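In what follows, a single structure is set out as structure tokens and then discussed.
Protein chains get the first letters and strands the later ones, always in sequence-line order, with residue 1 at the start of each. Here the structure is a predicted model, which means the values were calculated and not measured.
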Amino acid sequence: MTDYKMMLAEAISGMTDISNEQVYELVEIPPKSSMGEYAFPCFTLAKTMKKSPQSIAIDLSESLIGKLDFIERTEVVGPYLNIFINRSIFCNDVTDHIVRMKDKIGSSDEGKGKTVLVEYSSPNIAKPFHIGHAFTTILGQAIYNLYKHLGYDVYRLNHLGDYGTQFGKLISAYKRWGNDEALAEQPIKELLRIYVKFHDEAKMDPSLDEEARFHFRNLEKGNEEEFGLWKLFRDLSIKEFDAIYRRLGITFDDMNGESFYSDKIPEIVSMLNDRDLLVESDGARVVMLEEFGLPPCIILKSDGTTIYASRDIAAILYRKRKYDFYKNIYVVGNPQALHFKQVFAVADKLGLDASGSCVHVGFGLVKFADMKFSTRDGNIILQEELLNECVGKTSEIIRKNREERQTDMSDAELSQIAEKIGIGAVIYTFCRNSRDRDIVFSWDEMLDFDGDSAPYLMYTYARCRSVLRKAKASDYDPADAVDGFNTKVTDEEFELIKYLHGFGDSIRKAAQAYEPYILVRQLNFIARAFNKFYNNRPILNCEDSELLASGLRICEASSVVLEQGMRLLGISPVERM
RNA sequence: GGGUCUAUAGCUCAGUUGGAUAGAGCAACAGCCUUCUAAGCUGUGGGUCAGAGGUUCGAGUCCUCUUAGGCUCGCCA
């Protein structure tokens, strides 16, 4: 496919004294399509050429005539040189490229030979998987997909919260109030029950906290009883998490949680000692970070046990050796921003160059309108509950549609489709906006399936597929439709194909910024443009064979891009709904 | 108090390195199913870009201050 912007930049560069790259950076897409497809602002040239921007634009406009065959015409509006692309050439080129690339559309080899690690999800063992975990899980998966698509060698790491003082508490609580039967039936529910009870009791009897620390010390020493219980809690929890991951279509390459790095901390401690970086402060061993403008980082607590920072530092060293990563991405909430700054700073002091390769991808809190989610207080929405609610509402809508449209959809197919759409709706909610913003959870918004939503994208895709199925049924293969855009391309068609053209760019930008919403917006524009097109002219029922060909080509290209875009987000498209 | 993020339409949000008349969705109102899926489409209304200064040909975007809010600031993760 032609790189239109690049060729334009080369042409303009040849007529001025600025480089290709500079021109490429300056070329922009005008705010309105009536102003053309590309625009070159002449402000910066005005300074060096000592001419008014407008006269420069006029000169450029004249010398550009006939230079490039895809340029239909140019227009000077004040200081801007607006460029209009030949619609036939562009539409044939772009749609042909998409139809040929299929699921490889928007992919690249920029990541060839580069290893990227994405750490995400990372729930705490023995605690319920609630919608607070959904953000990191969904965002992380999307980031994984994006980098994978760009050719990187990507590994998914689930850094389970399977260690720390809280397990001392859990062990203590279990020995006091645990119920084996309840644990076997609903492990996390039972563990949560005794965990909450422990906190209540500890308020009245502070010696419980001491008991918990005792058990954690034993656990870290490898004591059999504590280790056995910990292992049991861990195994049972993972089993429950797996059910959620399966529903979301997520698997991991590595489930090594915090516990895995515990025995790798002594090496970190001795490395720090070798460099004289470890100092004592109030009984704890810390690394001072004044030169980074950061507070000290605790490596060993005053009782000699490790802390999450030390485990994260050990993990960097371990991963560096195992993967020799190009990038190590942490999809973890914003509240931990300082923690990662400290961890990266300490790793830097150890010569691990963390600041050059480790990235904390933070995101906002999920909260109710008036309060925070708190596992301890029990005011949480479970991830499973959220998925079920969305799938349930979807089922109702499909059932109603099935009656109205009198389709032959079986109950089994209906529930399969509802599952995909409901889960798609959840995924979409966490990918639609920039990740920094807090999400105020609302069932109304969650269950709004109009407009800016996954069902809207999925519906559009299903429409495309329906038209294509009908075309095939009447022996028309859209792949045969070559050069369907010889006649006049309408504004609506051109608009849609321009959005399809921008798909690859949106993937690159989304990956670079770790912001799936950039891709989401592109898909939304595509869907809206397609629906407009779909509503305004018949595709199958048209006499003109060229119009039929171009219409089907648009359907084919749109469906390819929409499908691939949704898959990159983690949404499974459906053929009908 | 220090650090950090945020403030754009009634609500939820976009707005690339400063550039053309600040855009979507939802909600509201008015329309469109004898034609390929109405979870759709069309139209209307809706703005002192938190406030004040500054930088310049030009500021929602950059700088300073003020206000409001979120998160965070050593032995939890």
Side-chain angles (χ1 to χ4, degrees), chain A residues 25-26 28-32 35 39 41 43 46-47 53 77-80 82 122 124 127 161 163-166 169 213 258 281-286 293-303 305-309 311-312 332-339 341-342 362 364-365 367 372 394 397-398 400-401 404-405 407 421 425 432-434 436-440 442 444-445 448-460 462-471 509 513 517-518 520-521 524-525 527-528 530-542 551 555 576-577:
Chain A
E25 287 300 305
L26 285 172
E28 51 191 55
I29 295 170
K32 288 204 164 129
M35 300 169 175
F43 302 100
K47 281 180 189 152
V77 182
Y80 287 93
N82 292 337
S122 312
N124 282 336
K127 286 192 187 166
Y163 223 54
T165 315
Q166 50 168 330
K169 291 180 184 176
R213 278 193 286 274
E258 291 185 80
S281 166
D282 295 333
R285 313 282 285 168
V286 307
L294 296 170
C297 181
I298 294 184
I299 303 296
L300 292 173
K301 295 186 283 190
S302 43
D303 66 358
T305 57
T306 62
I307 191 168
Y308 64 119
R311 292 191 273 273
D312 270 341
V332 181
N334 279 335
Q336 300 206 47
L338 178 59
H339 161 73
K341 278 187 193 162
Q342 291 177 300
L365 253 48
K367 52 189 181 184
K372 248 172 94 169
T394 307
I397 296 174
I398 303 177
K400 204 179 87 214
N401 287 343
E404 283 173 9
R405 295 173 195 158
T407 62
I421 297 172
R432 63 187 277 204
N433 292 136
S434 54
D436 253 334
R437 284 182 179 273
D438 290 350
I439 292 181
V440 177
S442 123
D444 277 352
E445 254 177 71
D448 181 1
F449 291 171
D450 298 333
D452 187 11
S453 70
Y456 179 77
L457 295 184
M458 301 177 91
Y459 183 75
T460 310
R463 274 180 151 177
C464 283
R465 299 297 302 167
S466 174
V467 172
L468 293 169
R469 271 196 307 276
K470 288 192 165 134
K509 282 184 183 157
Y517 89 87
I518 294 172
V520 168
R521 291 188 90 80
N524 209 265
F525 286 136
R528 207 170 311 140
F530 179 85
N531 284 323
K532 194 180 277 194
F533 158 77
Y534 179 93
N535 267 275
N536 285 337
R537 86 136 151 114
I539 300 164
L540 289 172
N541 306 329
C542 81
C555 279
R576 56 179 184 164
M577 58 191 275

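- Using a 4.0 Å heavy-atom cutoff across all strands shown, A:G164 reaches sugar-phosphate atoms only and no base atom.
- Between A:L365 and A:I439, every side-chain heavy-atom pair lies at or beyond the 4.5 Å cut-off.
- Distance A:E28 CD to B:G15 C1': 13 Å, rounded to the nearest Å.
- Looking at every heavy atom in both residues, A:N334 comes nearest to A:G364 through ND2-N, 3.6 Å.
- Per the geometry, OH belonging to A:Y308 stands 10 Å off C1' belonging to B:U72, to the nearest Å.
- The gap from the P atom of B:C29 to that of B:U66 amounts to 45 Å, rounded to the nearest Å.
- Nucleotide B:U72 holds its C1' atom 13 Å from the CG atom of A:D438, rounded to whole Å.
- Checking B:G74, B:A39, B:A20 against the side-chain heavy atoms of A:I397 singles out B:A39 as nearest.
- Between B:U8 and B:U48, the distance separating the two P atoms is 12 Å to the nearest Å.
- Among the atoms of the strands shown, base atoms are found under 4.0 Å from some heavy atom of A:I421.
- Distances shorter than 4.0 Å separate none of the side-chain N or O atoms of A:K509 from OP1 or OP2 on B:U16.
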All N/O contacts under 3.5 Å from nucleotides 2-7 of chain B to the protein, with atom names and distances to one decimal?
{"from": "B:A7", "atom 1": "OP1", "to": "A:R437", "atom 2": "NH2", "distance (Å)": "3.3"}

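- Within 6.0 Å of the NZ atom in A:K532, the count of heavy atoms belonging to other residues, nucleotides or ligands does not exceed 12.
- Closest non-hydrogen pair, A:Q342 versus A:P295, comes out as NE2-O, 2.9 Å.
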Which protein N or O atoms sit under 3.5 Å from an N or O of nucleotides 35-37 of chain B?
{"from": "B:U35", "atom 1": "O2'", "to": "A:N541", "atom 2": "ND2", "distance (Å)": "2.8"}
{"from": "B:C36", "atom 1": "O3'", "to": "A:K470", "atom 2": "NZ", "distance (Å)": "3.0"}
{"from": "B:C36", "atom 1": "O2", "to": "A:I539", "atom 2": "N", "distance (Å)": "3.3"}
{"from": "B:C36", "atom 1": "O2", "to": "A:L540", "atom 2": "N", "distance (Å)": "2.9"}
{"from": "B:C36", "atom 1": "N3", "to": "A:I539", "atom 2": "N", "distance (Å)": "2.9"}
{"from": "B:C36", "atom 1": "N4", "to": "A:Y534", "atom 2": "O", "distance (Å)": "2.5"}
{"from": "B:C36", "atom 1": "N4", "to": "A:R537", "atom 2": "O", "distance (Å)": "2.7"}
{"from": "B:U37", "atom 1": "OP1", "to": "A:S466", "atom 2": "OG", "distance (Å)": "2.5"}
{"from": "B:U37", "atom 1": "OP2", "to": "A:S466", "atom 2": "OG", "distance (Å)": "3.3"}
{"from": "B:U37", "atom 1": "OP2", "to": "A:K470", "atom 2": "NZ", "distance (Å)": "2.9"}
{"from": "B:U37", "atom 1": "O2'", "to": "A:Y459", "atom 2": "OH", "distance (Å)": "2.4"}
{"from": "B:U37", "atom 1": "O2'", "to": "A:R463", "atom 2": "NE", "distance (Å)": "3.0"}
{"from": "B:U37", "atom 1": "O2", "to": "A:R405", "atom 2": "NH1", "distance (Å)": "2.4"}
{"from": "B:U37", "atom 1": "O2", "to": "A:R405", "atom 2": "NH2", "distance (Å)": "2.9"}
{"from": "B:U37", "atom 1": "O2", "to": "A:M577", "atom 2": "O", "distance (Å)": "3.4"}
{"from": "B:U37", "atom 1": "N3", "to": "A:M577", "atom 2": "O", "distance (Å)": "3.0"}
{"from": "B:U37", "atom 1": "O4", "to": "A:M577", "atom 2": "N", "distance (Å)": "2.9"}

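- Nucleotides B:C65 and B:C71 place their C1' atoms 23 Å apart, quoted to the nearest Å.
- Residue contacts for A:N82: at a heavy-atom cut-off of 4.0 Å it reaches a base atom on one of the strands shown.
- For A:K301, the side-chain atoms get nearest to B:C76 when compared with the rest of B:C76, B:G74, B:A39.
- The two atoms that bring A:S453 and A:D448 nearest to each other are CB-O, 3.7 Å, heavy atoms only.
- Inter-residue side-chain proximity for A:E445 and A:V440 is flagged as unmet; no heavy-atom pair is nearer than 4.5 Å.
- Atom CG of A:L365 is separated from atom P of B:G69 by 17 Å (rounded to the nearest Å).
- Taking atom P in both B:U21 and B:A59, the straight-line distance is 12 Å, to the nearest Å.
- Take the nearest nucleotide of RNA chain B for A:P455 and for A:T165: the residue whose nucleotide is more 5' is A:P455.
- Looking at heavy atoms from C-beta onward, A:T460 lies out of side-chain contact with A:Y534 at the 4.5 angstrom threshold.
- Taking CZ of A:R528 as the start and CG of A:D452 as the end, the distance is 7.5 Å to the nearest 0.5 Å.
- Residues A:R432 and A:N524 have side chains that never bring a donor and an acceptor to within less than 3.5 angstrom of each other.
- In this structure, B:C33 shows a glycosidic angle within 90 degrees of zero, which is the syn conformation.
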As a quick check of understanding, evaluate side chain to side chain contact (heavy atoms under 4.5 Å, CB included) for A:V332 and A:H339, giving each step before the final call. CA-CA 11 Å; A:V332 181; A:H339 161 73; over 6 Å; no

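- Between the side chain of A:S302 and the base of B:C75, a donor-acceptor pair under 3.5 Å is found.
- A:V467 is not listed as a side-chain neighbour of A:K470, based on a closest heavy-atom distance of 4.5 Å or more.
- Proximity note for A:R311 (side chain, C-beta onward) versus B:G40, B:A77, B:A39: the nearest is B:A77.
- On the P atoms, B:A7 is 30 Å away from B:G43, given to the nearest whole Å.
- Not counting sequence neighbours, A:Y459 has no partner by the ring pair (Phe, Tyr, Trp, His ring centres under 6.0 Å) test.
- Checking the phosphate oxygens (OP1, OP2) of B:G15, a side-chain nitrogen or oxygen of A:Y517 falls inside 4.0 Å.
- Counting heavy atoms from C-beta on, the side chains of A:I421 and A:I397 never come closer than 4.5 Å.
- A:D303 and A:R213 are not joined by a salt bridge, as no carboxylate oxygen comes within less than 4.0 angstrom of a charged side-chain nitrogen.
- With a cut-off of 3.5 Å on both pairing distances, the Watson-Crick and G-U wobble pairs of RNA chain B assemble into stems of 3 or more at B:1-7 with B:67-73, B:10-13 with B:23-26, B:28-32 with B:40-44, B:50-54 with B:62-66.
- Taking the side chain of A:S434 as heavy atoms from C-beta on, and the options B:G40, B:C13, B:A14, the nearest nucleotide is B:A14.
- Protein atom CG of A:N433 is 11 Å distant from nucleotide atom P of B:U12, rounded to whole Å.
- Using a 4.0 Å heavy-atom cutoff across all strands shown, A:A309 reaches no nucleic acid atom at all.
- One distance of note links OG of A:S466 with CE of A:M577; it measures 12.5 Å at 0.5 Å rounding.
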Under-3.5 Å N/O pairs linking protein and nucleotides 55-58 of chain B:
none

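- The heavy-atom pair separating A:A527 from A:L457 by the smallest distance is CB-CD2, 3.7 Å.
- Between A:T306 and A:R311, the shortest heavy-atom distance links the atoms OG1-NH1, 2.8 Å.
- In this structure B:G74 sits in the syn conformation; its chi angle is within 90° of 0.
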Nucleotide N/O of nucleotides 24-30 of chain B paired with protein N/O under 3.5 Å:
{"from": "B:A24", "atom 1": "O3'", "to": "A:R528", "atom 2": "NH1", "distance (Å)": "3.3"}
{"from": "B:A24", "atom 1": "O2'", "to": "A:R528", "atom 2": "NH1", "distance (Å)": "3.0"}
{"from": "B:A24", "atom 1": "O2'", "to": "A:R528", "atom 2": "NH2", "distance (Å)": "2.8"}
{"from": "B:G25", "atom 1": "O2'", "to": "A:D452", "atom 2": "N", "distance (Å)": "3.1"}

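- A:F449 comes within contact range of at least one nucleobase, with a heavy-atom separation under 4.0 Å.
- Using a 4.0 Å heavy-atom cutoff across all strands shown, A:I398 reaches at least one base atom of the nucleic acid.
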Q. Between A:F43 and A:L26, is a side chain to side chain contact (heavy atoms under 4.5 Å, CB included) present by the stated rule, with each step listed?
A. CA-CA 10 Å; A:F43 302 100; A:L26 285 172; over 6 Å; no

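- Nucleotides of RNA chain B nearest to A:I29 and A:L300 differ in position, and the one nearer the 5' end is that of A:I29.
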